[in-house]
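Chain A is the first sequence line, chain B the second, and so forth, proteins listed ahead of strands; every chain is numbered from 1.
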Protein chains: 4
Amino acid sequence: MSSEAKAKVFGQKAKQTRQRILAAAAQELAERGGDLEIANVANTAQVSSGLIYRYFDSRTDLIAATVEDFYDQYDQWVIDINPLPGADWISRERARVERSISFIRKHPLAKVVFLNRQKEPLVAAVESRRLAAHLQLAIENVLLAQERGEIDSSIDAYVACPMIMGGIRELLVQLLSDSPQLNKKPHKMLDQTMAFMARAMGL
Amino acid sequence: MSSEAKAKVFGQKAKQTRQRILAAAAQELAERGGDLEIANVANTAQVSSGLIYRYFDSRTDLIAATVEDFYDQYDQWVIDINPLPGADWISRERARVERSISFIRKHPLAKVVFLNRQKEPLVAAVESRRLAAHLQLAIENVLLAQERGEIDSSIDAYVACPMIMGGIRELLVQLLSDSPQLNKKPHKMLDQTMAFMARAMGL
Amino acid sequence: MSSEAKAKVFGQKAKQTRQRILAAAAQELAERGGDLEIANVANTAQVSSGLIYRYFDSRTDLIAATVEDFYDQYDQWVIDINPLPGADWISRERARVERSISFIRKHPLAKVVFLNRQKEPLVAAVESRRLAAHLQLAIENVLLAQERGEIDSSIDAYVACPMIMGGIRELLVQLLSDSPQLNKKPHKMLDQTMAFMARAMGL
Amino acid sequence: MSSEAKAKVFGQKAKQTRQRILAAAAQELAERGGDLEIANVANTAQVSSGLIYRYFDSRTDLIAATVEDFYDQYDQWVIDINPLPGADWISRERARVERSISFIRKHPLAKVVFLNRQKEPLVAAVESRRLAAHLQLAIENVLLAQERGEIDSSIDAYVACPMIMGGIRELLVQLLSDSPQLNKKPHKMLDQTMAFMARAMGL
DNA sequence: GATGAATGAGGCTTCATTCAT
DNA sequence: CATGAATGAAGCCTCATTCAT
C-alpha cells in the first residue's frame, strides 16, 4: 500500500531523515493547502530531492504516508487514550472534543486533512480507511454505552454517530476558519456543543 | 472575477454550447473525483478544447462555474422552495433532508462537491461563499424559530447549525458510499435522523 | 502497439509535421548511435518538445515508429519491388544486394538499425517482427525456386536463408565500417559476394 | 582505459568478490537484454553498491569487463583450442560450430552479446576489437588453407569470412530464439550448415 | 463561432557516483 | 575492505493556454 508495505529496514540516522522528510511534507501540505512539491519538501528537510525516493515510492506515496502519520498522532492524542477512565459517556466525549480542539490548533495539517479530501486513490484510501475506523470506534462506543444503559437503546448508532462526527468536524473547521461567533467564548462554545450532544443522545 | 463578471452575452446556440460544456465538466469532475482535464471536457461536450476558452476564462473558472451551477440547482431544489409553508420547524427540515437525499442521489457531482473542497482560491471562494450562505440561512432559520418560541432560546444557533449541517452532510456521504447499515431501511434512517435533530434542538 | 494502432486522424499540415518529427528522430538516432533525446528531436524538427506527444505516445513509441518507417522504406526499395521480373534466382538476388548497398549508403539510420538491436521491448518487437518477415520471405523465395527446379531440393531453406541473410548483413556492416579491404573495389566485392551465394546454393 | 589498465592488485578474497560481481553483471545483462543497473548487480552479488566502484571505474567499465570476460570464455572454448589438430579446414570448422552451439546454449550472456551491440564507446570498442580479432583469425585461417591448396585461391577471404561469420551468428541467434524449424533436428541442422559452408568455400 | 495544431514552463523520477563512517 | 545514505544532474512527460486559419 504505502511504503510501509515494503517494510524497509533503516538504520538510526535513516529513521531520523525519514522523520525529517515527513515533517517537511506535513508543513508543505499545510502551507499549500493539500498540495506538495517534492523540491520544496527536499528544501525544507535539508535533503536532496532524490533522497526522498529512498524512503517513499512516489510523491503520492509520500502524501499518503504523511496523512497516515497525521492520523497516527491524532489517534494517539484523541482516540487511543481514554482520558477519563471510569467516567460516563458524555464526560469522556467532552474530554475528547477538548483534546481534538487543542490538537487541531497546534497541528498545521489539521485544516487540510479535514477539509480537502484527496483525489489520488492512494491517499484517498488512507483517509477513507482511517475515517471508517474512527466511525467504527464511535459506533462500538455507543453500542457499549447502550448495553450499560447509559444511552437509550432506541437510538440508532449508525445514524447518530455519523451525525455527531460530521457535526464535530464541521465545528472544528469553523473554528479553524476563524469564525468570530465561535472563537470569542471558547468555553461557552464547548458547553453548547456538549449540551447539543447530550440532548441528541437523549441524556 | 469569474466568467459571470464579464457578463458575456450569448446567442441561443451559444447558450446551449455553454450548457453542454458545463454538463461535461460536471461529469468529468464526478468521474475523476474532483479533478478535470480540459481535453476530456472538450471531448465529452463534443467541442474543440479551444472553444471552451470562449465561454470560460480558465480551467479554474470553468470549475468554479460548474460548482456554482451545482449549488444553483441544489438551492433551487432544496433551499429556495419552502416545501411546507406554514409547517413547523422540524417538519420543514424533514422535507429538506428528504429533498437533499433525492438530489444527491441523482446529481453525479454531489459526492465530489461535498467531499473534496478545492484548493484553487477561485473555486474555494465559491464553495466557501455558498456554504456560508447555507449556514447563514440555517442560523436565521433557527433564530426565527426561537423568536416564535418553537425552539428553546438557550440553544446557541451558531453551534447547533454547523453541527446539524455537518452531521447531515456526513450522513449523505455515508449514504453515497453505500453504507449497508444506512441503505437497507431508508425510511427508518430518515426517522432516526429527524429524531436526532429534534432531540438536539430540544423539541 | 505503436501510435499507429490508435489510428489517429491528422490533417494535411499535421501529417507533414509528423513526417518532420520522424525524419528528425532518424537523424538523431543515427547521430547518437541508437539513442535519442526528445529535446534534440524537437530542435531538429523545429517543433516544441510537447508537440511530439501529439503524434507519439512516448519516446519509445517514437523510436519504434522511426524504425518501422525505416523498414517501410527499406522494403519498398529492396524487397517489394521485383527488380528483374522473369529473371532467375541469382540475378534477382544480385539486384537486391545492389539495391541494399545503395540504400544503406544513403540512409543514415541503416548502420544503427543493423547494428544495435534495441533493448526496449516495444522497439525490439518491431525489429523482431520485421526481421522475421524478411526471413520468411527469403525462405518462401527459396522454396519456390526449389519447386521450379532452380535450386537443389536437398538444401534446407531454414538453414541456408538465415546464413545468407546474416552473411549479407555482416557484409553491409563491414562496408559501413569503412573496411578498406571491401571498399576499394566495390564491383569485385559484389561479384565475390554473388559467387559465394551461388556456390552456397548449389548453382 | 578499462579496469585492467590500472592493474589493480587484489587479494584472494577480493578476487572472489570481483568474480561475483562479474557474474552478477552477466546475469543482469542477460535478464535485462543488454542493460544493467548497478543496484541490481550489487544485490545479486551480495555486495553494497559502493563496493563495485572499488573494482570497476564506472558502470560502463563494468559492462566492458563483463563482455571482455564473456569473450575470454568464448575464445577459450571455441577459438583458442584447436579441436582437431591436423584435420582439414572443414572438419575443424565443424568442430568449432559444434562448440559454439554448446557454448551459447549454456552462457546466458550469449544472446545479448551477439544481438545488442552497445552504444557506449568503451563497450563498443571492446566488442569491435574482439569481433575484429575473430574476423582476422578467420581470414588468416582461410588464407593459410588457400596456401595449402585446401581452398580455392579465387575466393576472396575478405568477402567470404564476414559472410560465413555473419551467417553462423544469425543461425545461432535463430537457435536461441527457439525457432522450431531449426531446433527439432539438431544433427541435420549441423550437417546442412556445414554442407552450406563447404559449398560456399568451393569444397 | 469553431477548430486543433502548437507552445513551453514546470514537476516528477531515475540512477550512476561519492563519501563519511 | 565494506557499507549504504546522500547527492544532483538529466530527461521524460503533462496539460493549460494561445492563435492562425
Query raised in the report: How close or far is atom P of F:dT3 from atom CZ of A:F10, stated in whole angstroms?
Result: 18 Å
Query raised in the report: Judged by atom type as modelled, is there a donor-acceptor pair below 3.5 Å linking the side chain of C:E28 to the main-chain atoms of C:E37?
Result: yes
Query raised in the report: Side chain of C:N116, backbone of C:G33: donor and acceptor closer than 3.5 Å?
Result: yes
Report summary line: Per-nt protein contacts along nucleotides 6-15 of chain F (heavy atom under 4.0 Å; B base, S backbone sugar-phosphate only, - none) come out as BBB--SSBBS
Requested in this report: State whether the side chain of D:E127 and the backbone N or O of D:Q118 hold a donor-acceptor pair below 3.5 Å, judged by distance alone.
Outcome: yes
Query raised in the report: Are more than 12 heavy atoms from other residues, nucleotides or ligands located less than 6.0 Å from atom CD of C:Q76?
Result: no
Report summary line: In whole angstroms, the gap separating P of F:dA16 from CD of B:E120 amounts to 10 Å
Query raised in the report: Backbone N or O of A:L36 within a donor-acceptor pair of the A:R59 side chain at under 3.5 Å?
Result: yes
Query raised in the report: Could you give the CZ-to-C1' distance, from D:R18 to F:dA2, as a whole number of Å?
Result: 18 Å
**Report entry** C1' spacing across the pair E:dG1 / F:dT21, given as an integer number of angstrom
**Finding:** 13 Å
Report summary line: D:I21 CD1 to E:dA16 C1', in whole Å, measures 15 Å
Query raised in the report: Is there a side-chain contact between D:R117 and D:L131 (heavy atoms, below 4.5 Å)?
Result: yes
Query - A:N40 backbone acceptor or donor facing A:T44 side chain under 3.5 Å - result: yes
Query raised in the report: Roughly how many Å is it from CZ in A:F56 to P in E:dC12, rounded to a whole number?
Result: 15 Å
**Report entry** Euclidean distance, atom CD of residue A:Q16 to atom P of E:dT21 [Å, nearest integer]
**Finding:** 14 Å
Report summary line: By salt bridge (Lys or Arg N to Asp or Glu O under 4.0 Å), B:E31 pairs with (sequence neighbours left out) none
Requested in this report: Return the orientation label for the C:F70 and C:Y74 ring planes: parallel under 30°, perpendicular over 60°, tilted otherwise.
Outcome: parallel
Query raised in the report: Taking atom C1' of F:dC1 as reference, at what distance in whole Å does atom NZ of D:K15 sit?
Result: 16 Å
Report summary line: Listing for DNA chain F: consecutive Watson-Crick or G-U pair runs of at least 3, distance cutoff 3.5 Å, ranges ordered by first number, gives E:2-21 with F:2-21
